[in-house]
Asker: 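One structure coming up, written as structure tokens, with questions to follow.
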Amino acid sequence: MVFDSLQAFIAMGGHGPFIWTCYAAFLIVMVGLVFWSFQQRRQVIAQSLRQQRIEQRKAASTPVSPSESELT
Amino acid sequence: MPGKWQWFHKLGSPRWFYGIADRFNPLLLGSALLLLVAGIVWGLAFAPPDYLQGNSYRIIFIHVPTAFVAQSVYIMMAVAGAVTLIWRMKLADVFVRSVAPIGAAFTFLALFTGAVWGKPTWGAYWVWDARLTSMLILLFLYFGIIALGSAISDEKSSARAVAVLALVGVVNIPIIKYSVNWWNTLHQPATFKWTERPAMQMDMWLPLLLSVLGLYLFFTWLAFVRMQTEILHRERRTQWVRQLIQQRKG
Amino acid sequence: MHPARKKRLFMVLFLLAGVSIAVALATYAFRQNINLFYDPTEIATGVAPQDVRIRAGGMVEEGSVVRDASSLLVNFRITDYESSVPMEYTGILPDLFTEGQGVVAMGRLREDGVFVADQILAKHDENYMAPEVAEALARAQRRAGVEAHTPASSYDSASKDGKAYPTSESDGEAQGPYYSY
């Protein structure tokens with residue numbers, strides 16, 4: 001470590017505000033990207049499941065075959 | 001079409017890609033975080049200060065990686081765009097869609113960290129020199145691709161329009177890269193070169209190298225995750241996606 | 001390759017070539033506007049317009065900085081090692097302003113050839129090194145008798161052994177005594 005103390009590390013020789021602003025922005029954007037991407041994933045899966053349930057219900061209510069071939 | 005192009009078409013199979021991504025994702029994320037944390041901690045706390053700039057130069061450990069990856073991502077998008085136009089491969093379009101927001105975010109970060117770094121070193125947050133301006137154009141290109149992609153609802157025409165824009169915009173990349181050599185700019189020439197000896201001493205350059213590689217791996221991981229999502233969405237009516245989703249639920 | 005694909009491949013290449021040529025021509029036509037600043041040679045040879053706000057950029061000549069004792073007025077010369085231009089500036093200089101380092105100044109060229117700046121930005125190069133390394137480099141260079149304009153041939157090491165460095169080709173010494181901090 002090139003800094004003598006934690007305070008010196010945080011102060012960064014007076015450049016602390018600039019450096020930490022950059023690193024905070026970096027962290028926020030990266031975490032935001034990941035969070036957003038997984039939220040999209042959950043949405044797509046939920047939507048797909050809903051779709052499947054609707055189709056299953058439809059298949060159950062209609063008596064025989066034609067819908068079945070549509071499903072597969 | 002069997003023969004020498006077969007591997008290429010197999011590469012275009014969304015299902016095949018989904019499995020590959022699943023297999024590589026943990027490894028990618030793990031090594032990305034390892035390298036990023038190592039590079040940044042080394043750069044922030046252990047690398048020596050610069051003789052001229054003091055500690056403010058430590059912004060370089062995120063500024064250069066984000067700028068570097070932002071440009072590489074655009075090149076990859078242009079290549080994928082060409083593949084979409086020539087081979088009509090769906091996976092190429094999935095790639096362009098999935099990575100455009102990541103590229104935009106990295107470009108924004110490069111501009112933002114550059115501006116914050118510019119204040120203490122140059123004395124200005126922003127100047128309209130060729131490097132900064134061409135980088136801003138890159139951000140707008142990313143925005144353009146995202147907007148164009150969501151504006152056209154037909155999947156095929158949307159894919160082609162986006163591919164053309166990605167391809168045309170790639171001329172901006174050599175301009176960004178060589179702007180500091182072709183014109184008078186306030187921005188200094190490249191620090192990070194693959195081919196030459198770096199203009200930086202080793203215990204500054206190695207942490208930079210680690211964070212560049214780390215960000216590359218992080219990008220790859222996030223791109224894979226987002227491409228998987230896009231595939232799940234596009235192939236939601238196929239049997240294999242239905243089964244996969246049922247399994248995930250169970 | 002399938003003929004249809006081959007055709008599309010050529011179209012893609014054609015598109016790329018066309019756009020590249022168009023952009024190359026446009027940037028060539030605007031090259032003077034894309035340059036952020038005029039360099040000292042352009043100013044000395046009259047390429048740069050007078051009485052218009054322009055930017056001038058170059059290296060701060062070694063030994064040319066003269067600070068006014070009672071105000072914030074600073075005189076110095078910038079050089080590209082071919083020509084040099086005298087500058088006048090009143091205000092606070094950026095931290096990185098040092099002899100031998102680059103600057104970009106915004107201002108006007110007066111009739112007497114002095115560039116009157118109202119804003120000074122520091123331009124640094126792509127070399128990063130630790131202070132000790134920079135100092136060692138400077139010492140080695142001094143020993144080898146290399147002309148000092150590389151980084152870290154800085155003023156404080158110069159004032160320590162009490163002698164100013166010879167300035168580059170141009171007649172910077174005429175501007176005044178060597179300034180030491």
Side-chain angles (χ1 to χ4, degrees), chain A residues 1-62 65-72, chain B residues 29 36 40-41 43-49 53-63 65-66 98 101-102 104-106 108-110 112-121 203 215 218-219 221-223 225-226 228-237 239 241-242 244-246 248-249:
Chain A
M1 183 117 160
V2 291
F3 298 96
D4 305 329
S5 62
L6 189 66
Q7 283 95 313
F9 178 64
I10 289 165
M12 285 279 170
H15 291 303
F18 297 105
I19 295 174
W20 298 119
T21 306
C22 285
Y23 279 85
F26 179 69
L27 196 71
I28 290 169
V29 171
M30 298 285 264
V31 170
L33 262 180
V34 172
F35 185 79
W36 175 58
S37 298
F38 278 96
Q39 194 173 325
Q40 277 183 330
R41 167 80 59 104
R42 276 196 298 276
Q43 269 173 5
V44 164
I45 290 176
Q47 196 188 341
S48 183
L49 279 173
R50 218 177 307 131
Q51 190 69 32
Q52 285 185 35
R53 242 176 283 127
I54 290 169
E55 280 169 26
Q56 270 165 3
R57 226 173 293 144
K58 239 190 256 165
S61 58
T62 39
S65 54
S67 63
E68 228 167 63
S69 60
E70 203 179 276
L71 252 175
T72 44
Chain B
L29 181 62
L36 266 179
I40 285 175
V41 169
L44 274 178
F46 296 97
Q53 298 183 35
N55 287 311
S56 69
Y57 95 98
R58 294 183 197 279
I59 292 172
I60 203 173
F61 299 110
I62 47 173
H63 176 73
T66 48
S98 309
I102 311 177
F106 285 0
F108 166 77
L109 278 174
F112 180 83
T113 54
V116 175
W117 189 8
K119 189 64 187 169
T121 44
D203 50 352
L215 200 66
F218 181 85
F219 159 76
W221 169 74
L222 193 58
V225 167
R226 295 180 55 80
Q228 283 186 318
T229 306
E230 183 76 20
I231 288 170
L232 286 181
H233 178 67
R234 288 191 186 193
E235 308 269 297
R236 62 189 179 279
R237 287 181 222 293
Q239 194 58 39
V241 169
R242 283 164 176 271
L244 197 81
I245 285 177
Q246 290 294 342
R248 269 178 180 260
K249 194 182 62 169

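Each chain gets a letter, A, B and so on, in the order the sequences are listed, and its residues count up from 1. Every heavy atom of this structure was used, including side-chain atoms; hydrogens, water molecules and symmetry mates were not.
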Asker: What residue in A:Q47, A:Q43, A:M30 has the most heavy-atom pairs under 4.5 Å with chain B?
Answerer: A:M30
Asker: Which distance, rounded to the nearest 0.5 Å, do you find between the CZ of A:F26 and the CD1 of B:I40?
Answerer: 4.5 Å
Asker: Please classify the contact of B:F61 with chain A as side chain, backbone, both or neither, using a heavy-atom distance under 4.5 Å.
Answerer: both
Asker: B:R226: which residues meet the side chain to side chain donor-acceptor pair (under 3.5 Å) condition with it, sequence neighbours left out?
Answerer: A:S37, A:Q40
Asker: Using non-hydrogen atoms and a 4.5 Å limit, figure out which bit of B:L232 sits close to chain A: side chain, backbone, both or neither.
Answerer: both
Asker: Name the region of B:I231, side chain, backbone, both or neither, that has any atom closer than 4.5 Å to a heavy atom of chain A.
Answerer: neither
Asker: Taking side chain as everything from C-beta outward and backbone as N, CA, C, O, which of these in B:I62 sits under 4.5 Å from a heavy atom of chain A? Side chain, backbone, both or neither.
Answerer: both
Asker: Report the distance from atom CZ of A:F18 to atom OG1 of B:T113, rounding to the nearest 0.5 Å.
Answerer: 13.5 Å
Asker: Under 4.5 Å, heavy atom to heavy atom, which residues of residues 2-11 of chain A contact chain B?
Answerer: A:V2, A:F3, A:F9
Asker: Any idea which heavy atoms bring B:N55 and A:G13 closest together, and the distance?
Answerer: ND2-N, 3.6 Å
Asker: Among residues at least two apart in sequence or on other chains, which ones pass ring pair (Phe, Tyr, Trp, His ring centres under 6.0 Å) with B:F219?
Answerer: none
Asker: Within this structure, what is the CD1-CD1 distance for the pair B:I60 and A:I19, rounded to the nearest 0.5 Å?
Answerer: 12.0 Å
Asker: Run the salt bridge (Lys or Arg N to Asp or Glu O under 4.0 Å) test against A:R41 and tell me which residues pass, sequence neighbours left out.
Answerer: none
Asker: Side chains of A:Q52 and B:Q246: does their closest heavy-atom pair fall under 4.5 Å?
Answerer: yes
Asker: Check whether A:V29 gets within reach of chain B through its side chain, its backbone, both or neither, counting any heavy atom under 4.5 Å.
Answerer: side chain
Asker: Can you tell which part of B:T66 gets under 4.5 Å to a heavy atom of chain A, answering side chain, backbone, both or neither?
Answerer: side chain
Asker: B:Q228 versus chain A, heavy atoms under 4.5 Å apart: side chain, backbone, both or neither?
Answerer: both
Asker: Side chain, backbone, both or neither: which part of B:A115 has an atom under 4.5 Å from a heavy atom of chain A?
Answerer: neither
Asker: So how far is it from A:T21 OG1 to B:I59 CD1, rounded to the nearest 0.5 Å?
Answerer: 8.0 Å
Asker: Distance from B:R242 atom CZ to A:S48 atom OG, nearest 0.5 Å?
Answerer: 7.0 Å
Asker: Taking side chain as everything from C-beta outward and backbone as N, CA, C, O, which of these in B:L44 sits under 4.5 Å from a heavy atom of chain A? Side chain, backbone, both or neither.
Answerer: both
Asker: Measure the shortest side-chain to side-chain distance between B:R236 and A:Q51 over non-hydrogen atoms and say whether it is less than 4.5 angstrom.
Answerer: no
